[in-house]
Q: 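Below you will find the structure I want to go over with you.
Note that the structure is predicted; figures quoted are calculated from it, not measured.
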Amino acid sequence: MSSGGELHPHLDGGGLILSLPEDVLALISAHLRPRDLLALSAASRRLRHALSGAAADKAWLAQCRRLLPSPPHLLAWRAAAGGSSLAVCRFLHSAAPLLGALWAHQNPELGNLVAAVPGFLSVVAARAIPQDLSPRLRWAPVFELLADAHGRPAILFLHGHQPADLFPARLASLQPHANVLFLEAQTHQGEDPIAVASSSHHFPRLAFGDRRRLLDSLVAACRVTLPPDLVAAPLFARTEEDLPVLAARREAMLRLHREAAGGMVRTPEVEALLLLHAHTKKKAAPSPSDGGDRIRLRRSLSAVAGYVRNSLRQMVTRSVSANSRPQYVDTKHLPLADFLHTAESVGLSLRGARMRLSTYRAWPSMHDNRFALYKLTLQVPMPGREYAGLWGGTFGWPPGRPEDEREPRKALFFLLLSYEVDTEGKLLLIATKVLEGTHYVVHPNGSSMFIARMCEPSTEAFPWQTDGESRNVDVERGFAGEGIANGYGFRYPGSKPGSLFVLQDGQLAFVWRETGAVLTLQRLNLEELLKKGERVPALQPVPNFAYLTKSYSNVFTGFPGSSALPR
């Protein structure tokens with residue numbers, strides 16, 4: 001630069017950037033977004049070469065630290081990526097819609113909460129099991145998304161009941177603001193990779209029974225097994241000592257995925273499994289009586305008539321012009337044979353999409369016939385809205401303590417606290433139930449356990465003066481509100497007056513005025529709880545991803561529940 005502050009005549013903007021020391025470039029890049037660096041690399045050939053080379057590694061490492069705020073093992077990730085911070089940054093940026101998010105489904109009603117947390121150059125989706133309060137949180141793995149050699153989130157595995165079993169799949173797509181994760185099947189035609197990704201949009205057009213049978217058949221055909229010495233390996237690093245075994249496990253999973261062709265199964269094999277499934281189901285059916293034979297014949301004739309009607313409808317539909325209204329065009333399901341007939345192979349896939357979802361008090365409306373997980377809105381605490389986030393606790397006073405074995409076990413509740421402004425412009429704090437550890441569910445999944453009016457101080461006094469260790473209870477603030485109560489049946493609970501109290505050490509307690517029941521809460525760090533928790537067996541891969549059968553008890557494990565929720 002000349003004395004007058006002008007650029008040196010032999011240095012353009014790109015040359016000036018390239019002349020900066022690595023540490024200075026890393027400091028600047030820490031304040032940029034990954035796409036800003038990528039745009040910079042597209043400005044010239046010299047910049048592209050510089051930002052993709054070893055000299056720019058510190059700049060990309062700074063981006064990694066920006067994308068992963070608590071990266072204690074980031075250098076081990078870089079080593080697993082061949083020493084490339086760019087590859088790690090590419091993975092973190094691409095997997096950002098998953099990382100740190102909470103995903104849920106309506107069924108079972110006790111709760112179906114899945115957290116996506118960093119693994120080892122991977123994303124681990126783990127389900128918190130409905131349970132009692134205990135020193136270690138019980139969880140089961142759902143799926144893992146690994147980075148390939150270039151940092152792309154392309155290597156996917158579903159988990160099943162046996163810890164050694166893995167089920168390879170592919171990531172079809174992951175939109176930047178995805179709020180729904182779909183488990184689907186995709187077809188492969190020839191060697192064109194675009195043909196793989198483009199076929200997945202036909203899968204939702206299959207009938208529900210066909211979708212379920214196809215997914216089950218793919219699971220049966222694509223199973224791979226971890227080496228025996230890696231079955232008990234952790235899924236994420238708890239200490240530095242876990243890093244070598246995690247690296248070995250990653251290499252084994254990459255090899256298994258490659259040898260299994262990404263979980264793609266030849267179409268004739270899939271068709272044979274579907275026929276075997278239908279034959280086995282028919283053979284296992286009980287022998288009917290003569291009356292049953294007549295009923296079965298009637299149903300068969302009805303099915304044939306339905307097939308004829310559908311065929312006629314298909315003929316009519318195809319004759320409709322392109323300008324016709326769309327609701328009359330796709331009125332029938334796509335036959336499974338049509339989905340398979342042009343494919344050379346079929347495989348499991350995960351698709352992250354941005355859908356228009358209606359919500360009621362922070363709980364999204366969910367389909368009951370889609371193998372899907374739905375993203376929960378996790379608000380960030382800020383001044384005036386300090387209590388947003390995930391909280392956990394128990395009913396009863398004094399509050400339950402995980403390490404206390406002397407007192408009876410209490411049901412563990414997870415609540416998602418979020419703020420909302422009502423029609424009168426008043427700020428509300430809504431506590432949505434996302435997990436319930438009772439033996440049999442009392443209130444629906446997604447219910448508002450309590451709603452506090454943050455502009456209305458409570459006139460009630462906190463009922464207790466001391467806690468379980470005889471220490472004085474200090475109440476910092478109190479808000480008036482309503483807590484959940486019996487209403488018009490299970491699906492439509494009512495509410496009764498109560499108060500939300502802010503206690504010392506940041507604890508919250510909601511007290512029902514009429515009954516004196518109290519729900520005490522403390523803020524949770526779910527990622528740390530999972531790392532310190534206890535892994536338990538999962539369900540079979542498809543219901544383990546999305547359990548679609550209506551259930552009011554704990555279907556995920558055989559662990560006993562606890563006493564019912566006080567009313």
Side-chain angles (χ1 to χ4, degrees), residues 17-43 47-102 115-126 144-155 174 176-178 234-244 246-247 250 378-382 389-390 525-532:
I17 293 174
L18 293 174
S19 68
L20 294 173
E22 290 183 21
D23 293 337
V24 176
L25 183 59
L27 184 62
I28 294 174
S29 69
H31 297 277
L32 301 175
R33 295 168 296 180
R35 64 182 182 185
D36 295 329
L37 280 182
L38 292 173
L40 186 63
S41 68
L47 284 172
R48 180 168 66 252
H49 177 74
L51 289 174
S52 60
D57 191 74
K58 288 185 178 180
W60 291 112
L61 187 60
Q63 285 294 318
C64 294
R65 292 194 174 99
R66 187 174 182 270
L67 292 169
L68 198 64
S70 56
H73 308 300
L74 187 55
L75 295 182
W77 283 35
R78 184 174 63 171
S84 171
S85 295
L86 173 58
V88 177
C89 184
R90 181 180 289 119
F91 174 73
L92 290 173
H93 178 67
S94 302
L98 291 176
L99 276 171
L102 296 177
V117 299
F120 184 78
L121 198 50
S122 65
V123 176
V124 178
E144 289 182 77
L145 181 63
L146 284 68
D148 66 7
H150 303 285
R152 294 173 301 215
I155 311 299
L174 182 60
H177 301 286
L235 275 62
F236 22 64
R238 300 158 299 189
T239 64
E240 296 286 339
E241 287 74 20
D242 290 333
L243 295 177
L246 280 168
R250 167 181 162 79
L378 190 61
Q379 296 181 359
V380 178
M382 61 180 64
L390 184 66
N525 184 334
L526 190 52
E527 181 179 340
E528 290 301 315
L529 290 175
L530 291 171
K531 288 182 178 179
K532 299 175 182 177

Q: Over all heavy atoms of both residues, which pair between Pro234 and Leu246 is shortest? Give the atoms and the distance, please.
A: O-CD2, 3.1 Å
Q: Identify the heavy atoms of Pro97 and Ser94 that sit nearest to each other, and give their distance.
A: CD-O, 3.4 Å
Q: Output every pair passing salt bridge (Lys or Arg N to Asp or Glu O under 4.0 Å) with a member in residues 79-88, not counting sequence neighbours, ordered by first then second residue.
A: none
Q: Excluding sequence neighbours, so at least two apart, what forms salt bridge (Lys or Arg N to Asp or Glu O under 4.0 Å) with Arg250?
A: none
Q: When you compare the side chain of Phe236 with that of Asp242, does any pair of heavy atoms fall below 4.5 Å?
A: no
Q: Answer yes or no: is there a donor N or O on one side and an acceptor on the other, between the side chain of Arg90 and the main chain of His150, under 3.5 Å?
A: yes
Q: Please name the pair of heavy atoms, one in Leu378 and one in Gly100, separated by the smallest distance, quoted to 0.1 Å.
A: CD2-O, 4.1 Å
Q: Would you please name every residue forming a side-chain contact (heavy atoms from CB on, under 4.5 Å) with Pro381, sequence neighbours left out?
A: Arg523
Q: Check whether any side-chain heavy atom of Leu526 sits under 4.5 Å from a side-chain heavy atom of Leu102, and report yes or no.
A: yes
Q: Output, in order, the C-alpha distance, side-chain angles, deciding distance and verdict of side chain to side chain contact (heavy atoms under 4.5 Å, CB included) for Val123 and Phe91.
A: CA-CA 10 Å; Val123 176; Phe91 174 73; 3.9 Å; yes
Q: So, taking the atom named CZ in Arg78 and the one named CH2 in Trp60, what distance separates them when rounded to the nearest 0.5 Å?
A: 14.5 Å
Q: Between Phe120 and Leu243, does a side chain to side chain contact (heavy atoms under 4.5 Å, CB included) hold up when you go through it step by step?
A: CA-CA 8 Å; Phe120 184 78; Leu243 295 177; 4.0 Å; yes
Q: If I compare all heavy atoms of Leu99 with all of Val117, which pair ends up nearest, and what's the gap?
A: CD2-C, 3.9 Å
Q: How far does CD of Glu527 sit from CG of Leu390, to the nearest 0.5 angstrom?
A: 12.5 Å
Q: Nearest 0.5 Å, please: how far is CD in Gln63 from CG in Leu92?
A: 10.5 Å
Q: Starting at CD1 of Ile155, measure out to OG of Ser122 and round the result to the nearest 0.5 Å.
A: 11.5 Å
Q: Of Leu121, Leu61, Leu67, which is the lone residue that meets side-chain contact (heavy atoms from CB on, under 4.5 Å) with Leu74?
A: Leu61
Q: Which heavy-atom pair separates Ala115 from Leu530 by the least distance, and what is that distance?
A: CB-CD1, 4.2 Å
Q: If the condition is side-chain contact (heavy atoms from CB on, under 4.5 Å), which residues does Glu241 pass it with, not counting sequence neighbours?
A: Thr239
Q: If the condition is side-chain hydrogen bond (donor to acceptor under 3.5 Å, both in side chains), which residues does Ser85 pass it with, not counting sequence neighbours?
A: Asp57
Q: Report yes if the side chains of Trp77 and Cys64 come closer than 4.5 Å at any heavy-atom pair, otherwise no.
A: no
Q: Ala154: what forms a side-chain contact (heavy atoms from CB on, under 4.5 Å) with it, not counting sequence neighbours?
A: Asp148
